[in-house]
J.: 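Just dropping this structure here.
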Amino acid sequence: GGEAVGEQGQEEEVEDRLKEHMDNLLDKSAKTRQVALQSLRLAFSSKTISEFLLERRLMLTDSLEKCLKKGKGEEQALAGTVLTLLCLQMGSGPEGEEVFRSLKPLLVSVLTDSVASPSARQSCATALGMCCYIAAADLE
């Protein structure tokens with residue numbers, strides 16, 4: 001029984017840290033937002049946490065949208081990567097489709113923005129392709 005309690009405590013600690021990183025996406029400091037994006041990228045790529053993300057996908061989608069709109073260079077590139085991983089976590093169901101549908105216009109906007117950094121444009125192109133492959137219901 002002691003191991004189960006220990007694992008439960010670890011799980012809660014991980015979730016608390018993830019919530020903190022998600023909150024930090026709305027911070028005024030670009031550096032804080034970038035650190036939060038890097039932490040989320042690592043978390044999303046190392047463990048399946050789709051149930052945890054399911055209830056937070058709208059807040060996370062809104063935060064990523066702000067990072068893509070208002071961020072520059074590195075922040076936009078990280079936001080694109082985190083979005084790709086979020087789509088992978090959500091899968092091909094209605095939730096993944098919803099995330100993709102809401103951010104697709106913004107991804108296209110950054111991708112076609114000649115002033116955006118090459119890394120941001122590349123990241124948005126990858127996010128657009130991967131999310132379209134995973135979550136787009138419309139064949140076009």
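Side-chain atoms are counted along with the backbone in the values below, which use heavy atoms only and exclude waters and symmetry mates. By convention here, the first residue in the shown sequence is residue 1.
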J.: Quick one: do T61 and E65 satisfy side chain to side chain donor-acceptor pair (under 3.5 Å)? Show the steps, please.
T.: CA-CA 6 Å; T61 302; E65 181 178 343; over 6 Å; no
J.: If I take atom CG from residue L106 and atom CG from residue L111, how far apart are they, to the nearest 0.5 angstrom?
T.: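 Spacing of CG (L106) from CG (L111) equals 11.0 Å.
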J.: Main chain of K47, side chain of Q89: is a donor-acceptor contact present, judged purely on distance under 3.5 Å?
T.: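 It does hold such a pair.
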J.: If I compare all heavy atoms of I134 with all of C87, which pair ends up nearest, and what's the gap?
T.: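 Looking at all heavy atoms of both residues, the closest pair is CG2-O, 3.8 Å.
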J.: Evaluate E15 against R56 for salt bridge (Lys or Arg N to Asp or Glu O under 4.0 Å), listing each step before the verdict.
T.: CA-CA 11 Å; E15 288 182 4; R56 293 166 182 83; 5.3 Å; no
J.: With a 6.0 Å cut-off (strictly less than), is the heavy-atom count around NZ of K19, excluding the residue itself, greater than 12?
T.: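 Enclosed.
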J.: Looking only at the side chains, is there a donor atom on one of S117 and S119 sitting less than 3.5 Å from an acceptor on the other?
T.: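 Yes - a donor-acceptor pair under 3.5 Å links their side chains.
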J.: Drop me the distance from L128's CG to S123's OG, to the nearest 0.5 angstrom.
T.: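 So the CG of L128 and the OG of S123 are separated by 11.0 Å.
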J.: Does any non-hydrogen side-chain atom of V14 lie less than 4.5 Å from one of F52?
T.: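 Result no, sub-4.5 Å side-chain heavy-atom pair not found.
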J.: With a 4.5 Å limit on heavy-atom distance, are the side chains of L25 and L60 in contact?
T.: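 Yes, their side chains come closer than 4.5 Å.
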J.: Same cluster or not: are M59 and L18 linked, directly or through other Ile, Leu, Val, Met, Phe, Trp or Tyr residues, by side-chain heavy atoms under 4.5 angstrom apart?
T.: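 Per the 4.5 Å side-chain linkage, M59 and L18 are co-clustered.
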J.: Grab the two heavy atoms, one from A135 and one from G91, that are nearest each other, plus how far apart they are.
T.: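 Looking at all heavy atoms of both residues, the shortest contact is CB-O, 4.1 Å.
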J.: Rounded to the nearest 0.5 Å, what separation is found between the OG1 atom of T81 and the CE atom of M130?
T.: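 Going from OG1 on T81 over to CE on M130, the span is 11.0 Å.
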J.: Whether the E98 and S102 side chains hold a donor-acceptor pair (N or O, under 3.5 Å, no angle test) is what I'd like checked.
T.: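 S102 and E98 do not have a side-chain donor-acceptor pair below 3.5 Å.
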J.: Can you see which heavy atom on C131 is nearest to which on T84, and at what distance?
T.: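 Result for this residue pair: SG-CA, 4.1 Å.
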J.: Could you tell me if the side chain of E20 sits less than 4.5 Å from the side chain of N24, heavy atoms only?
T.: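 Heavy-atom side-chain distance check passes, below 4.5 Å.
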J.: Are L40 and L78 connected, step by step, through hydrophobic side chains (Ile, Leu, Val, Met, Phe, Trp, Tyr) whose heavy atoms are closer than 4.5 Å?
T.: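 Yes.
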J.: Between the side chain of R121 and the main-chain N/O of T112, is any donor-acceptor distance below 3.5 Å?
T.: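 No, R121 side chain to T112 backbone: no donor-acceptor pair under 3.5 Å.
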J.: When rounded to the nearest 0.5 angstrom, what distance separates OG in S50 from CE in M90?
T.: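 Spacing of OG (S50) from CE (M90) equals 6.0 Å.
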J.: Hey, any chance L83 and V35 share a hydrophobic cluster, counting ILVMFWY side chains that come within less than 4.5 Å of each other, even indirectly?
T.: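 Different hydrophobic clusters.
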J.: To the nearest 0.5 Å, what is the distance between CG on L103 and NZ on K69?
T.: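 Going from the CG atom of L103 to the NZ atom of K69 covers 9.5 Å.
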J.: Got a second to check how far E75's CD is from L64's CG, nearest 0.5 Å?
T.: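 CG of L64 is found 10.0 Å from CD of E75.
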J.: Please give me the minimum heavy-atom distance between V110 and Q76, naming the atom from each residue.
T.: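 Closest approach of V110 to Q76, heavy atoms only: CG2-NE2, 4.0 Å.
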J.: When clusters are formed by joining ILVMFWY residues with side-chain heavy atoms under 4.5 Å apart, either directly or through shared neighbours, do L26 and L86 land in the same one?
T.: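 Looking at the clustering, L86 is in a separate group from L26.
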J.: Are I49 and L42 connected, step by step, through hydrophobic side chains (Ile, Leu, Val, Met, Phe, Trp, Tyr) whose heavy atoms are closer than 4.5 Å?
T.: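 Different hydrophobic clusters.
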J.: Please confirm whether the backbone N or O of D27 pairs with a side-chain atom of R33, one donor and one acceptor, at under 3.5 Å?
T.: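 Flag set: sc R33 to bb D27 pair under 3.5 Å.
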